[in-house]
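Keep in mind the model is a prediction, meaning the values are calculated, not measured.
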4 protein chains.
Amino acid sequence: MHTKTKKERIMYATLKLITEHGFHATPVSMIASEAGVGAGTIYRYFENKEAIINELYDVILKELHEATMANIPEIISVRDEFFLKWRNILNYFIEREYEGKFVSQYVASPFISRTVIYETERRNVHLRKLIERGIKLNEIRDVDYNTIAVYMWGTLKQLHYLHINKAIEITDELINDIYTVFWEGIRVHHDK
Amino acid sequence: MHTKTKKERIMYATLKLITEHGFHATPVSMIASEAGVGAGTIYRYFENKEAIINELYDVILKELHEATMANIPEIISVRDEFFLKWRNILNYFIEREYEGKFVSQYVASPFISRTVIYETERRNVHLRKLIERGIKLNEIRDVDYNTIAVYMWGTLKQLHYLHINKAIEITDELINDIYTVFWEGIRVHHDK
Amino acid sequence: MHTKTKKERIMYATLKLITEHGFHATPVSMIASEAGVGAGTIYRYFENKEAIINELYDVILKELHEATMANIPEIISVRDEFFLKWRNILNYFIEREYEGKFVSQYVASPFISRTVIYETERRNVHLRKLIERGIKLNEIRDVDYNTIAVYMWGTLKQLHYLHINKAIEITDELINDIYTVFWEGIRVHHDK
Amino acid sequence: MHTKTKKERIMYATLKLITEHGFHATPVSMIASEAGVGAGTIYRYFENKEAIINELYDVILKELHEATMANIPEIISVRDEFFLKWRNILNYFIEREYEGKFVSQYVASPFISRTVIYETERRNVHLRKLIERGIKLNEIRDVDYNTIAVYMWGTLKQLHYLHINKAIEITDELINDIYTVFWEGIRVHHDK
DNA sequence: CATGAATGAGGTTTCATTCAT
DNA sequence: GATGAATGAAACCTCATTCAT
């Protein structure tokens with residue numbers, strides 16, 4: 001922990017505490033002591049309390065994007081690329097408990113700005129291209145991007161939601177079941 | 001507005017303001033003046049500020065349940081029952097702007113309790129039965145309840161999320177597209 | 001209880017609750033419900049909350065005075081008259097738990113007025129006469145009234161204080177011991 | 001005043017104001033401005049308002065104990081030791097107006113705890129020993145500790161009570177009178 | 001650069017009192 | 001007369017932010 005920079009320690013402390021208690025139930029003083037810095041120090045790195053979570057959101061979304069794109073082979077079927085990316089995101093949310101919960105809370109807050117939405121769009125470009133490829137190759141039906149995006153993100157978020165509230169256990173079987181239904185829903189049925 | 005009871009006015013004012021500004025950015029004094037009552041009056045009807053939102057959540061979930069079950073004919077195909085209920089929920093979330101946003105925020109907050117999850121389960125019993133019926137009639141594949149529930153709620157929430165953030169426009173076409181993908185994903189393909 | 005008038009019920013409820021919780025920890029609403037009347041009703045009988053305790057104090061001091069003078073034979077020695085009155089007061093304080101505690105709190109409060117002191121003086125006139133009689137009869141030493149009054153009231157209050165705080169048990173033996181010391185302290189020693 | 005620490009200033013302001021107006025008639029804001037600090041500062045030093053008076057009571061009782069034991073020669077008669085200690089306490093109460101009144105109010109409040117009584121007992125050990133010495137030396141009669149303690153404290157408190165309510169003037173003559181009665185009451189009469 | 005004591009605005013909540021019924 | 005719902009002033013307390021060290 002102490003190998004991190006002060007700024008990183010502040011951000012991580014904020015992430016942890018906000019996730020556990022919520023933004024307004026986490027005083028700056030609590031963040032300071034969790035991070036092992038003076039309260040005033042926080043204001044050297046961030047304009048105010050809100051700026052911490054905004055920067056946190058940026059960093060986490062960047063990480064999430066990297067995690068999403070990781071381990072995707074150059075040559076891969078549309079089906080598998082969908083699956084791998086979908087699993088990458090799910091894994092990130094599940095393995096990075098605080099980050100996952102944080103994002104869920106952040107996007108549900110009334111402070112979410114148009115910018116955030118725009119950024120998300122920008123980061124989803126690769127998904128848009130994947131869909132186009134699938135349609136061109138006649139592997140998935142010619143449905144609107146939004147339709148598919150709703151499926152991908154909707155199931156991801158709901159799985160995560162049930163997971164963090166301990167309503168389900170995420171097993172490989174469940175994962176495969178859900179992905180199969182997803183793929184069956186969008187693929188072209190070549191069988192005659 | 002003034003035909004409502006004081007308690008209803010307080011609850012509605014809270015719903016509106018919290019949805020717009022968030023729980024902690026909505027002082028009790030603001031709720032009081034929006035509701036047209038004295039600040040102290042609120043404490044005749046609710047133990048404290050938090051109790052308002054808990055009761056709000058209860059009331060809204062009851063309403064949502066009623067809306068879900070409305071207009072479902074006695075005799076109806078599994079496909080159509082799924083569709084009608086799914087649309088009912090979506091309509092409720094979209095038509096009742098404040099209620100919809102409120103629920104989204106509430107379930108994402110770190111205060112969501114096990115009780116909430118349990119209540120949700122209880123209210124989803126009808127969905128469980130519908131799935132059993134579909135499987136027995138060989139209309140949908142024999143998949144786990146959770147798999148289907150994740151689909152239903154995941155797509156609903158994501159559509160709603162994109163809607164309230166003005167990222168998409170919800171058209172009949174989109175609705176049908178999405179539902180078709182959902183149904184194609186779970187139905188049994190009788191074609192040979 | 002319900003045979004009493006409303007005013008008496010209000011006063012008794014106040015006496016009980018204030019004694020147990022203190023003046024400011026006893027809301028008028030609590031007094032109302034303990035007395036079995038509406039909160040507004042209290043203001044028909046008393047100008048405000050403070051007026052209740054002032055009237056209570058008056059009533060209790062009147063009662064205390066009557067109790068002090070009770071059962072004193074016409075013809076009685078100075079020693080016995082002292083003793084009987086002293087015991088009468090002690091008994092009143094001990095038997096009437098709420099009244100005793102109330103008076104203790106009231107006289108220690110910063111609101112005690114000169115009037116209260118004056119009233120006390122007035123009610124102690126009989127004690128002054130008793131002392132004069134004792135001196136004239138050469139049964140007690142020629143000491144100042146205040147000296148003896150300090151003794152009487154000081155020991156009484158302290159016994160009561162220790163009693164209500166359960167620091168001592170008031171037995172006949174203790175009573176006699178204390179009174180003996182008192183009497184030995186003021187009597188004329190006729191032995192040569 | 002400004003040479004004291006902030007904590008001391010807060011405590012002294014509380015002592016003064018509470019003594020004059022009573023605990024509940026003294027808002028924290030009033031204490032803050034009397035002490036010359038911000039309202040929030042008080043909560044850096046004390047958990048809440050009540051904690052101030054509890055700590056005040058502790059400090060004052062420690063001071064009182066020290067004052068009680070001051071200026072007592074190593075070799076001193078039982079009579080004189082009683083007298084000196086009794087006078088020390090009386091002087092403390094009279095000279096330290098606020099402290100004296102504060103203690104009177106505090107011990108009469110309904111919040112006085114068993115702990116307080118226990119503490120008092122502990123601090124009275126020296127008195128217990130003095131009584132034992134007096135009895136062993138056959139200077140005072142073999143009376144119960146409580147009997148004598150009731151006398152000491154009862155007269156002290158009553159003198160103080162009359163003093164702060166301006167009902168008497170405390171003169172050396174009165175002091176001697178009262179002490180003489182006390183001593184006559186407990187000493188062994190060696191004259192035959 | 002870093003600190004954390006100090007601040008005071010503003011939060012939630014209580015409660016004496018009023019007044020329409 | 002009696003009620004108790006309603007009020008809003010004022011209480012206690014928290015905490016984001018500043019600034020002297």
Side-chain angles (χ1 to χ4, degrees), chain A residues 5-7 9-10 14 21 23-33 35-52, chain B residues 5-7 9-10 23-33 35-52, chain C residues 5-7 9-10 14 21 23-33 35-52, chain D residues 5-7 9-10 23-33 35-52:
Chain A
T5 66
K6 276 201 167 70
K7 186 169 182 182
R9 298 211 320 264
I10 292 164
T14 306
H21 310 125
F23 182 68
H24 286 279
T26 306
V28 171
S29 59
M30 199 190 282
I31 293 171
S33 67
V37 302
T41 305
I42 288 175
Y43 290 84
R44 292 222 146 267
Y45 295 100
F46 300 95
E47 179 139 18
N48 53 37
K49 194 184 169 188
E50 204 179 332
I52 313 177
Chain B
T5 66
K6 277 204 165 66
K7 185 171 182 181
R9 297 210 322 261
I10 292 164
F23 182 68
H24 287 281
T26 306
V28 170
S29 58
M30 198 190 283
I31 294 172
S33 66
V37 303
T41 304
I42 289 173
Y43 291 86
R44 289 199 67 72
Y45 295 101
F46 300 94
E47 183 140 17
N48 52 38
K49 196 184 165 188
E50 203 179 334
I52 312 178
Chain C
T5 66
K6 275 201 167 68
K7 185 171 183 179
R9 297 212 319 266
I10 292 164
T14 306
H21 310 125
F23 182 68
H24 285 279
T26 307
V28 171
S29 59
M30 199 191 281
I31 294 172
S33 67
V37 303
T41 306
I42 288 174
Y43 290 84
R44 292 223 146 269
Y45 296 101
F46 300 94
E47 180 139 17
N48 52 37
K49 194 183 167 189
E50 203 178 334
I52 312 178
Chain D
T5 66
K6 278 204 164 66
K7 186 170 183 182
R9 297 212 319 265
I10 292 164
F23 181 68
H24 287 281
T26 306
V28 171
S29 59
M30 198 189 283
I31 294 172
S33 66
V37 301
T41 304
I42 289 174
Y43 292 87
R44 289 199 66 74
Y45 296 100
F46 301 94
E47 182 140 17
N48 52 38
K49 195 183 166 189
E50 203 178 334
I52 311 178

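Here E/dT12 presents its C1' atom at 11 Å from CD1 of B/Ile31, a figure rounded to the nearest Å. If you take OH of B/Tyr43 and P of F/dA5, they are 18 Å apart, rounded to a whole angstrom. Rounded to whole angstrom, the span from the CD1 atom of C/Ile42 across to the P atom of E/dC15 amounts to 14 Å. Rounding to whole angstrom units, NE2 of residue D/His24 and P of E/dT14 are separated by 14 Å. In this structure, B/Lys7 atom NZ and F/dA5 atom C1' are separated by 15 Å, rounded to whole Å. Spacing between atom OH of A/Tyr45 and atom C1' of F/dT17 amounts to 18 Å, rounded to whole angstrom units. As a whole-Å value, the separation of D/Lys49 NZ from F/dT14 C1' is 17 Å. Whole-Å rounding puts the A/Asn48 CG to F/dT17 P distance at 5 Å.
For the P atom pair drawn from F/dT21 and E/dC1, the interatomic distance equals 22 Å after rounding to whole Å.
Using the Watson-Crick or G-U wobble rule with both distances under 3.5 Å, F/dA9 pairs with E/dT14. Pair assignment for E/dA6 gives F/dT17, based on Watson-Crick or G-U wobble hydrogen-bonding distances that are each under 3.5 Å.
Across all strands shown, A/Val28 has heavy atoms under 4.0 Å from base atoms, whether or not it also approaches the sugar-phosphate.
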- Task: Carefully, step by step, assess C/Met30 and C/His21 under the rule side chain to side chain contact (heavy atoms under 4.5 Å, CB included).
- Result: CA-CA 11 Å; C/Met30 199 191 281; C/His21 310 125; 4.1 Å; yes
- Task: List the steps and the verdict of side chain to side chain contact (heavy atoms under 4.5 Å, CB included) for C/Thr26 and C/Thr14.
- Result: CA-CA 8 Å; C/Thr26 307; C/Thr14 306; over 6 Å; no
- Give the intermediate values and the outcome of side chain to side chain contact (heavy atoms under 4.5 Å, CB included) for residues B/His24 and A/Phe23. CA-CA 9 Å; B/His24 287 281; A/Phe23 182 68; over 6 Å; no
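Summary of the strand contacts: C/Ala25 and D/Gly38 both lie near DNA chain E, and taking for each the nucleotide with the nearest heavy atom, the more 5' one is attributed to D/Gly38. Along DNA chain E, the nucleotide nearest to A/Arg44 and the one nearest to B/Glu50 differ in position, and the one closer to the 5' end is contacted by A/Arg44. Comparing D/Ala39 and A/Ser29 by the nucleotide of DNA chain F that holds the closest heavy atom to each, the one mapping nearer the 5' end is D/Ala39.
The side chain of C/Lys6 approaches F/dT3 more closely than any other nucleotide in the set F/dA6, F/dT3, E/dT3. Checked against F/dT3, F/dA2, F/dA6, the side chain of C/Val37 finds its nearest nucleotide in F/dT3. For C/Pro27, counting side-chain heavy atoms from C-beta on, the closest listed nucleotide (F/dA5, E/dC15, F/dC15) is E/dC15.
At least one side-chain nitrogen or oxygen of C/Thr41 sits closer than 4.0 Å to the OP1 or OP2 atom of F/dT3.
Residues passing the side-chain hydrogen bond (donor to acceptor under 3.5 Å, both in side chains) test with D/Lys7, sequence neighbours excluded: D/Glu55.
Between B/Ile31 and B/Ile42, the shortest heavy-atom contact is CG2-CD1, 3.9 Å.
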